[in-house]
A.B. asks: 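Okay, here's the structure, questions in a sec.
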Amino acid sequence: MQRALSVSRMTGNTSTFPDWYQAIVREADLAEVSPTRGAMIIKPWGYGVWERIQQTLDRRIKETGHENCYFPLFIPLSFFAKEADHVEGFAKEMAVVTHHRLKSVDGKLGPDPDARLEEPLVVRPTSETIIGDAFSRWIKSHRDLPVLINQWANVVRWEMRTRLFLRTSEFLWQEGHTAHATAEEGREETLKMLEVYREFSETVLAMPVVAGEKPENERFPGADNTFSIEAMMQDGKALQAGTSHDLGTHFAEAQNIRFQNSAGELVHCHTTSWGVSTRLIGGVIMTHGDDDGLRLPPAIAPRQVVIVPMLRDKPEDAEVVAAGEALVKAMGQVITLGEPVRALLDTKAQKSAEKRWNWVRRGAPVIIELGPRDVAGGTISFMRRDRLRDGDKVASQSLSREDFLAGLPALLADIQQGLYDEAKARLGANIRTDIATFDDMAAYFGAEAGDDEEATAFRGWVRAPWARPTGEELEAIEQKLKALRLTLRNAPMDQPAAFGPCLFTGRPGVEEILIGRAY
RNA sequence: CGGAGUGUGGCUCAGUCUGGUAGAGCACCGCGUUCGGGACGCGGGGGUCGCAGGUUCAAAUCCUGCCACUCCGACCA
């Protein structure tokens with residue numbers, strides 16, 4: 001891969017991948033750090049992307065039979081005591097509310113000692129416990145099942161180190177929670193939503209992923225099985241972009257979620273949960289961004305086409321603006337990717353060249369430059385953000401207004417597909433399947449002679465057979481991998497018929513697993 | 001919380017070693033010339049140099065403590 005991304009065209013400096021990432025977040029006007037530790041301010045353009053994610057994913061969640069609802073931000077502390085693995089998994093990162101009033105003592109404002117809560121409230125890190133509690137009241141009979149709900153919410157996890165979009169102490173997400181009569185139905189639901197995430201990620205975000213099952217040590221606290229979609233970033237690292245958990249009867253047992261089956265027996269439900277978060281935006285940045293800034297897939301671009309009018313403080317300006325407004329209207333009549341085209345005429349009092357580059361940095365898929373000559377000649381001059389440059393020159397093309405409008409759906413679809421294909425090719429080219437032993441893998445990922453720190457980061461993943469060890473044996477493997485900064489990502493859903501020997505133990509393999517560095 | 005690094009206008013940084021009136025480029029404001037293109041000239045606004053102490057006639061610069069951020073670990077959607 002060895003792709004040397006730089007921020008040179010954005011800020012005038014070359015630098016490392018993390019610097020590049022931060023530069024894009026800033027230059028594309030997506031978000032900024034807030035005065036609140038670890039939490040981000042999502043700016044309008046960034047939030048617009050999130051709204052597009054919400055709209056397109058929400059439709060899919062509803063099409064698969066789920067309904068939205070809303071549960072409280074605060075969860076009574078005692079709720080977490082019920083499921084041992086769950087509390088252990090989250091205990092170290094919980095924000096806790098202990099008081100309900102402030103008081104000024106010696107001029108210093110602080111919690112009022114007299115206003116201590118009898119039972120502290122936890123700011124939800126996830127909502128299994130409080131939703132499970134509701135399920136236990138909602139579900140009495142097999143006729144009540146399945147219960148299929150989702151909520152769009154914010155959650156808080158007190159992370160040690162934060163990074164905009166990728167890991168923030170507060171983040172936005174959706175969390176689906178379902179209850180079923182049988183283990184088979186629970187498993188089916190878990191896999192169905194994993195597939196929704198895979199399809200969504202690939203067709204809407206244009207971000208290819210590998211869907212698979214997480215190894216035992218990477219499971220969600222309290223889950224029987226965890227599945228994930230893993231995306232490959234341009235530095236070769238894996239990003240866990242979504243998870244779907246088969247919770248079995250763990251939470252049902254802990255929270256008394258039971259129903260009477262048709263035979264009259266009182267039995268526990270099988271529950272699931274699944275979620276994706278604002279982390280997806282970080283994935284989009286690191287999948288599609290380039291040296292000029294962000295490149296947004298048209299399906300999630302808040303504005304798919306931006307018109308920059310060439311205004312010169314002259315009388316003909318009015319004509320250009322009028323033509324621009326008419327063009328926005330005309331594009332609004334065009335249906336592409338199933339929806340009217342989202343277009344904007346940027347009339348901000350700013351130099352045209354500035355506006356153009358701002359939209360390049362923000363990643364608007366198509367940027368039209370509309371000048372008096374275009375208006376007179378009925379032509380549209382535009383550039384595609386996905387193929388911005390021809391050498392060092394900006395690749396601008398010109399079509400008649402009619403042809404442009406007629407070809408717009410195909411153009412946006414082509415950009416969407418092109419971004420996907422580019423990322424898919426990168427993913428495919430950077431999974432090594434020819435590494436057979438742990439030592440070979442260590443040599444591959446480790447710092448070799450002549451490799452600098454930077455180069456070792458661009459390794460991609462290894463896919464290899466393994467014997468699916470468990471318990472202490474798995475723990476030992478995890479520790480060995482940790483020394484190489486590697487983790488087990490997932491065992492992909494599509495598996496071959498036969499397997500070579502296990503990369504770790506040499507025993508016969510039972511499935512293939514992905515190994516890589518991760519965010 | 002462990003290791004390393006960095007804190008100087010909105011951004012990127014110089015100045016710190018060797019204490020002596022706070023700088024540059026970009027961004028911003030004004031005027032003008034330009035302008036199918038990240039233009040140029042002139043003028044201008046904006047910084048208690050992360051915070052708090054200390055040393056000194058004098059501190060961005062030296063000393064002590066603290067804080068924040070970045071990277072690498074641990075943790076993690």
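Bear in mind that the values here come from a model prediction, so they are computed numbers and not experimental data. All chains are named by letter (A, B, ...) in the order of the sequence lines, taking the proteins before the strands, and each is independently numbered beginning at 1.
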A.B. asks: Please give, in whole Å, the distance from A74(B) P to N217(A) CG?
C.D. replies: 13 Å
A.B. asks: What distance do D403(A) atom CG and L405(A) atom CG have between them, rounded to the nearest 0.5 Å?
C.D. replies: 9.5 Å
A.B. asks: Given C35(B), G37(B), A77(B), identify the nucleotide with an atom nearest to the side chain of K314(A).
C.D. replies: C35(B)
A.B. asks: Across all strands shown, which nucleotide pairs with G25(B) by Watson-Crick or G-U wobble geometry, both distances under 3.5 Å?
C.D. replies: C11(B)
A.B. asks: Could you check how far OH of Y21(A) sits from P of C69(B), rounded to whole Å?
C.D. replies: 17 Å
A.B. asks: Give the rounded distance in Å between these two atoms: CG of L164(A) and C1' of U70(B).
C.D. replies: 12 Å
A.B. asks: Nearest-nucleotide wise, let me know which of V394(A) and A518(A) is further upstream toward the 5' end of RNA chain B.
C.D. replies: V394(A)
A.B. asks: For a salt bridge (Lys or Arg N to Asp or Glu O under 4.0 Å) with R362(A), tell me which candidate from D346(A), D29(A), D292(A) qualifies.
C.D. replies: D29(A)
A.B. asks: Residues two or more places apart in sequence or in another chain: which of them pass salt bridge (charged side-chain N to carboxylate O under 4.0 Å, His left out) with R60(A)?
C.D. replies: E199(A)
A.B. asks: At 4.0 Å (heavy atoms only), tell me whether S273(A) reaches a base, stays on the sugar-phosphate, or touches nothing.
C.D. replies: nothing
A.B. asks: Quick one: label L239(A) by what it contacts on the DNA or RNA (base, sugar-phosphate, nothing), any heavy atom closer than 4.0 Å.
C.D. replies: nothing
A.B. asks: To the nearest Å, give me how far apart CD (Q350(A)) and P (G38(B)) are.
C.D. replies: 14 Å
A.B. asks: To the nearest 0.5 Å, how far apart are OG1 in T487(A) and NZ in K482(A)?
C.D. replies: 10.0 Å
A.B. asks: For G3(B) and A74(B), measure between their P atoms and round to the nearest Å.
C.D. replies: 16 Å
A.B. asks: Please give, in whole Å, the distance from A77(B) C1' to M40(A) CE?
C.D. replies: 11 Å
A.B. asks: Select one nucleotide: of A77(B), G37(B), C35(B), the one nearest the side-chain heavy atoms of R157(A).
C.D. replies: A77(B)
A.B. asks: Report the base-pairing partner of C51(B) (Watson-Crick or G-U wobble, both distances below 3.5 angstrom), or none.
C.D. replies: G65(B)
A.B. asks: Is it possible for you to check whether K480(A) lies under 6.0 Å from the centre of the six-membered ring of F504(A), through NZ or CZ, and within 45° of that ring's axis?
C.D. replies: no
A.B. asks: Whole angstrom is fine here: how far is it from CZ in F220(A) over to P in C75(B)?
C.D. replies: 18 Å
A.B. asks: Determine the Euclidean distance between corresponding P atoms of U21(B) and A68(B); express it in Å to zero decimal places.
C.D. replies: 34 Å
A.B. asks: So, are E230(A) and K214(A) salt-bridged, with charged N and O less than 4.0 Å apart?
C.D. replies: yes
A.B. asks: Looking only at atom C1', what distance separates C51(B) and C57(B), rounded to whole Å?
C.D. replies: 26 Å
A.B. asks: Between S169(A) and Q22(A), name the one whose nearest nucleotide on RNA chain B is closer to the 5' end.
C.D. replies: Q22(A)
A.B. asks: Are the charged groups of K192(A) and E195(A) less than 4.0 angstrom apart, N to O?
C.D. replies: no
A.B. asks: If you look at every strand shown and take non-hydrogen atoms under 4.0 Å, does S277(A) touch a base, only sugar-phosphate, or nothing?
C.D. replies: base
A.B. asks: Please round to the nearest 0.5 Å and tell me the distance separating atom OH of Y21(A) and atom CD of Q234(A).
C.D. replies: 12.5 Å
A.B. asks: What interatomic distance, in whole Å, is found between P of A14(B) and the corresponding atom of U56(B)?
C.D. replies: 32 Å
A.B. asks: Taking the same atom, C1', in U16(B) and in C11(B), what whole-Å distance lies between them?
C.D. replies: 22 Å
A.B. asks: Suppose you measure atom C1' in G37(B) against the same atom in G46(B); what distance do you get, rounded to whole Å?
C.D. replies: 30 Å
A.B. asks: Taking the side chain of R167(A) as its heavy atoms from C-beta onward, which of C76(B), C35(B), G38(B) lies nearest to it?
C.D. replies: C76(B)
A.B. asks: Would you mind telling me which of G38(B), A77(B), C72(B) lies closest to the side-chain atoms of R389(A)?
C.D. replies: G38(B)
A.B. asks: Indicate yes or no: does R385(A) engage D290(A) in a salt bridge with an N to O separation below 4.0 Å.
C.D. replies: yes
A.B. asks: Does Y519(A) have R167(A) sitting over its ring (NZ/CZ under 6.0 Å from centre, angle to axis within 45°)?
C.D. replies: no
A.B. asks: Would you indicate what K482(A) reaches in the nucleic acid, counting non-hydrogen atoms under 4.0 angstrom: base, sugar-phosphate, or nothing?
C.D. replies: sugar-phosphate
A.B. asks: For RNA chain B, find the residues of residues 370-385 of chain A with a heavy-atom distance under 4.0 Å and give them by number; none if there aren't any.
C.D. replies: G371(A), P372(A), R373(A), D374(A), S381(A)
A.B. asks: Categorize W173(A) for me: base, sugar-phosphate, or nothing, with a 4.0 angstrom heavy-atom threshold over every strand shown.
C.D. replies: nothing
A.B. asks: Identify the nucleotide, in any strand shown, that forms a Watson-Crick or G-U wobble pair with C57(B), with both distances under 3.5 Å; if there is none, say none.
C.D. replies: G20(B)
A.B. asks: Quote, to the nearest angstrom, the P distance that separates A58(B) from A22(B).
C.D. replies: 15 Å
A.B. asks: With both distances under 3.5 angstrom, what nucleotide forms a Watson-Crick or G-U wobble pair with U70(B)?
C.D. replies: A4(B)
A.B. asks: Side chain of R356(A) only, please: which of A27(B), C71(B), G37(B) is the nearest?
C.D. replies: G37(B)
A.B. asks: Just how far, in rounded Å, is P of G37(B) from NZ of K351(A)?
C.D. replies: 14 Å
A.B. asks: Taking the side chain of R163(A) as its heavy atoms from C-beta onward, which of C11(B), G37(B), C71(B) lies nearest to it?
C.D. replies: C71(B)
A.B. asks: Whole Å only: how far is the CG atom of N154(A) from the P atom of A77(B)?
C.D. replies: 18 Å
A.B. asks: From the options C11(B), A39(B), C76(B), select the nucleotide whose nearest atom is closest to the side chain of R26(A).
C.D. replies: C11(B)
A.B. asks: Classify Q240(A) by what it touches in the nucleic acid, base, sugar-phosphate, or nothing, heavy-atom distance under 4.0 Å.
C.D. replies: sugar-phosphate
A.B. asks: I'd like the P distance from G20(B) over to A59(B), given in whole Å.
C.D. replies: 11 Å
